[in-house]
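Sharing a structure below in structure tokens format, with a few things to ask.
These figures come from a predicted structure and were not determined experimentally.
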Amino acid sequence: MTYFIKSRLHLDEIYKVLQIKKMKPLKISENELSVSCKQRNALELALASFLSHYLFVKTIKETLQTLMFEESYKTTFLEESLEYFETSSYWKNISLILVAEYFQNSKTFNMDSFMLFNMKGFKQEVQEYVRNATAEWDEEEDESYIYDDKIRNLFTELRSLISHLDTSVYETIHLIGKGKGDSVKFQTAAGMIVDEKHLNHILGDEDIIQVQGSMEAWEKEVLLFPALVMILSVKKLIVHENVMDEVRSALERSKQMFPPDIVVMIEDCNGCSRCDQ
């Protein structure tokens, strides 16, 4: 069976990992490689090991930067955390479960999208680990998920793919609730659905944005919100009446992830025809 791995940020790194594992990866393009294997387990394990180690270290470094500790303490803490990582299967197993679940729905694995969306919970667990270990963590930081320069550059690169399009139609979008409000959809003012499929269509790649995993339908839509803002330049989101409070809270937390120069307004609708849909 042949599987495809895409990444604009880490393709060379995972290529070397797969070579070491003697899995004979083949580069198809600058951002994609293929690998053929009889048993998918070996590929899943290689990806899970790389992703868990990379994000574990990256998150600890980012989190320590927000804490008022001496650099010597931060260095020691990181070294001890790496020893803990190597002797514990917990973090690798979390990543392995997520990777295996992802491959159940696709033969193409987009690493950048996977880390951005599917591993958000993993990152938050690492943040909690640091908070508990240092006993100095500010509770307000627990939910933060600030985008670093690499992620921002990725969004900028993706935005360049649609530079020929008129994105003014996305300046104001609406969030419509369905049923009891536990299913939601983003819409433009003209009523066009803006979802994962729509994003991939205008970006010209059917799996560049993939949100998969065991989560509620509304959670998958909310996870797209940063991509809408940072790729489509959404300026205002109008949340209509038939949307659960839990969804509204998640949107506000998501908004807090943006750097100061990214501004988006979230407004509540007081009742209109969309609210009755």
> Can you hop from Leu203 to Leu232 via hydrophobic side chains spaced under 4.5 Å?
Replying inline: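 Shared cluster, yes.
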
>> Please report whether the ring centroid of His53 lies less than 6.0 Å from that of Phe85.
In response: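 So the answer is yes for these two rings.
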
> Which pair of non-hydrogen atoms, one from Tyr102 and one from Thr108, has the smallest distance, and what is that distance?
Replying inline: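 Smallest interatomic distance, heavy atoms only, reads CE2-O, 3.5 Å.
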
> From Lys120 NZ over to Glu219 CD, what is the distance, rounded to the nearest 0.5 angstrom?
Replying inline: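 One finds 9.5 Å between NZ of Lys120 and CD of Glu219.
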
> So, Ser52 side chain and Ser49 main chain: donor-acceptor pair closer than 3.5 Å or not?
Replying inline: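 Yes, because the side chain of Ser52 sits within donor-acceptor range (under 3.5 Å) of the backbone of Ser49.
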
>> Is there a path of hydrophobic side-chain contacts, each under 4.5 Å between heavy atoms of I/L/V/M/F/W/Y residues, joining Met192 to Ile231?
In response: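 Yes.
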
>> Looking at Lys27, I'd like to know if its NZ atom is crowded, meaning that more than 12 non-hydrogen atoms belonging to other residues, nucleotides or ligands lie closer than 6.0 Å.
In response: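 Buried by this count: over 12 neighbours within 6.0 Å.
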
> Are a donor atom and an acceptor atom from the side chains of Tyr90 and Glu125 found within less than 3.5 Å of each other?
Replying inline: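 Glu125 and Tyr90 do have a side-chain donor-acceptor pair below 3.5 Å.
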
>> For the backbone of Asp245 and the side chain of Ser249, can you confirm whether one donor and one acceptor N or O come within less than 3.5 Å of each other?
In response: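 Looks like yes, one N/O pair under 3.5 Å.
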
> Under 30°, 30 to 60°, or over 60°: which ring-plane class applies to Phe109 and Phe114, parallel, tilted or perpendicular?
Replying inline: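 Geometry flag for Phe114 against Phe109: tilted rings.
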
> Does a side chain donor of either Ser233 or Thr167 reach within less than 3.5 Å of an acceptor in the other side chain?
Replying inline: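 Ser233 vs Thr167: no donor-acceptor pair found between side chains.
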
> So, Arg8 side chain and Asp112 main chain: donor-acceptor pair closer than 3.5 Å or not?
Replying inline: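 A pair under 3.5 Å: no.
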
>> With a 3.5 Å distance limit and no angle check, can you tell me whether Lys235 reaches the backbone of Glu171 through a side-chain donor-acceptor pair?
In response: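 Pair absent, no side-chain N/O of Lys235 close to backbone of Glu171.
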
> Would you find a donor on one side and an acceptor on the other, under 3.5 Å apart, between the side chain of Ser95 and the backbone of Lys92?
Replying inline: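 No; judged by distance alone, with no hydrogens or angles, the pair does not exist.
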
> Can you tell me if CD on Glu30 sees more than 12 non-hydrogen neighbours from other groups inside 6.0 Å?
Replying inline: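 At most 12 heavy atoms, drawn from other residues, nucleotides or ligands, come within 6.0 Å of this atom.
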
> Do Phe56 and Phe122 have ring centres separated by under 6.0 Å?
Replying inline: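 Ring centres of Phe122 and Phe56 not closer than 6.0 Å.
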
>> Between Lys123 and Glu62, does the salt bridge (Lys or Arg N to Asp or Glu O under 4.0 Å) criterion hold? Intermediate values first, please.
In response: CA-CA 11 Å; Lys123 179 167 183 175; Glu62 291 174 347; 2.7 Å; yes

> Do the side chains of Ile20 and Leu45 join up, straight or via other hydrophobic residues, at under 4.5 Å, putting them in one cluster?
Replying inline: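 No, Ile20 and Leu45 fall in different hydrophobic clusters.
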
> What heavy-atom pair brings Asp166 and Val169 nearest, and what distance separates the two atoms?
Replying inline: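 Heavy-atom minimum between the residues: O-CG2, 3.7 Å.
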
> Checking side chain to side chain contact (heavy atoms under 4.5 Å, CB included) for the pair Leu224/Glu196: CA distance, chi angles, key distance, verdict?
Replying inline: CA-CA 7 Å; Leu224 289 175; Glu196 179 183 321; 4.2 Å; yes

>> Between Gln19 and Tyr15, is the side-chain hydrogen bond (donor to acceptor under 3.5 Å, both in side chains) condition met? List the steps.
In response: CA-CA 6 Å; Gln19 278 189 319; Tyr15 179 83; 3.3 Å; yes

> Thr87 side chain to Tyr84 main-chain N or O, any donor-acceptor pair under 3.5 Å?
Replying inline: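 Here the side-chain-to-backbone pair exists.
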
>> Set out, in order, the CA-CA distance, both residues' side-chain angles and the distance that settles side chain to side chain contact (heavy atoms under 4.5 Å, CB included) for Gln187 and Val194, then state yes or no.
In response: CA-CA 5 Å; Gln187 290 183 0; Val194 184; over 6 Å; no

>> For a quick test of reading the model, state the closest non-hydrogen atom pair linking Leu78 to Lys61 and the distance between them.
In response: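 For Leu78 and Lys61, the tightest heavy-atom pair comes out as CD2-CE, 3.7 Å.
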
> Does the side chain of Tyr3 pick up a donor-acceptor pair with the side chain of Ser36 at under 3.5 Å?
Replying inline: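 No, no side-chain donor-acceptor contact under 3.5 Å.
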
>> Less than 4.5 Å apart, side chain to side chain, heavy atoms only: is that true for Lys255 and Glu252?
In response: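 Heavy-atom side-chain distance check passes, below 4.5 Å.
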
> Closest approach of Val264 and Lys236, non-hydrogen atoms and distance?
Replying inline: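 Smallest heavy-atom distance, with atoms named: CG2-N, 4.1 Å.
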
> With no hydrogens and no angle check, is any side-chain donor or acceptor of Ser89 less than 3.5 Å from a backbone partner on Asn93?
Replying inline: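 No, because the side chain of Ser89 does not come within donor-acceptor range (under 3.5 Å) of the backbone of Asn93.
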
> What's the verdict on side chain to side chain contact (heavy atoms under 4.5 Å, CB included) for Val184 and Ile176, showing C-alpha distance, side-chain angles and the deciding distance?
Replying inline: CA-CA 5 Å; Val184 296; Ile176 311 298; over 6 Å; no

>> Determine whether Glu44 and Leu96 satisfy the following criterion, side chain to side chain contact (heavy atoms under 4.5 Å, CB included), listing intermediate values before the conclusion.
In response: CA-CA 7 Å; Glu44 291 173 348; Leu96 182 58; 4.0 Å; yes

> Does Lys178 reach the side chain of Asn242, with side-chain heavy atoms less than 4.5 Å apart?
Replying inline: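 No - every pair of side-chain heavy atoms lies 4.5 Å or more apart.
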
> In terms of the angle between their ring planes, are His10 and Phe50 parallel, tilted or perpendicular, with boundaries placed at 30° and 60°?
Replying inline: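 Geometry flag for Phe50 against His10: perpendicular rings.
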
> Do other residues, nucleotides or ligands put more than 12 heavy atoms under 6.0 Å from Asp268 CG?
Replying inline: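 Enclosed: over 12 neighbouring heavy atoms sit under 6.0 Å from CG of Asp268.
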
>> Looking at Lys21, I want to see if its NZ is surrounded by more than 12 non-hydrogen atoms of other residues, nucleotides or ligands under 6.0 Å.
In response: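 No - once you tally the heavy atoms of other residues, nucleotides and ligands closer than 6.0 Å, there are 12 at most.
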
> Does any donor atom in the side chain of Asn31 or Ser29 lie under 3.5 Å from an acceptor atom in the other side chain?
Replying inline: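 No, no side-chain donor-acceptor contact under 3.5 Å.
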
> How about Glu267 and Val239: do any of their side-chain heavy atoms sit closer than 4.5 Å?
Replying inline: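 No, side chains not in contact.
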
> Shortest non-hydrogen contact from Ile5 to Leu11?
Replying inline: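 Of all heavy-atom pairs spanning Ile5 and Leu11, the closest is O-CD1, 3.7 Å.
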
> Which pair of non-hydrogen atoms, one from Val243 and one from Gly177, has the smallest distance, and what is that distance?
Replying inline: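 Taking every non-hydrogen atom into account, CG2-N, 3.6 Å.
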
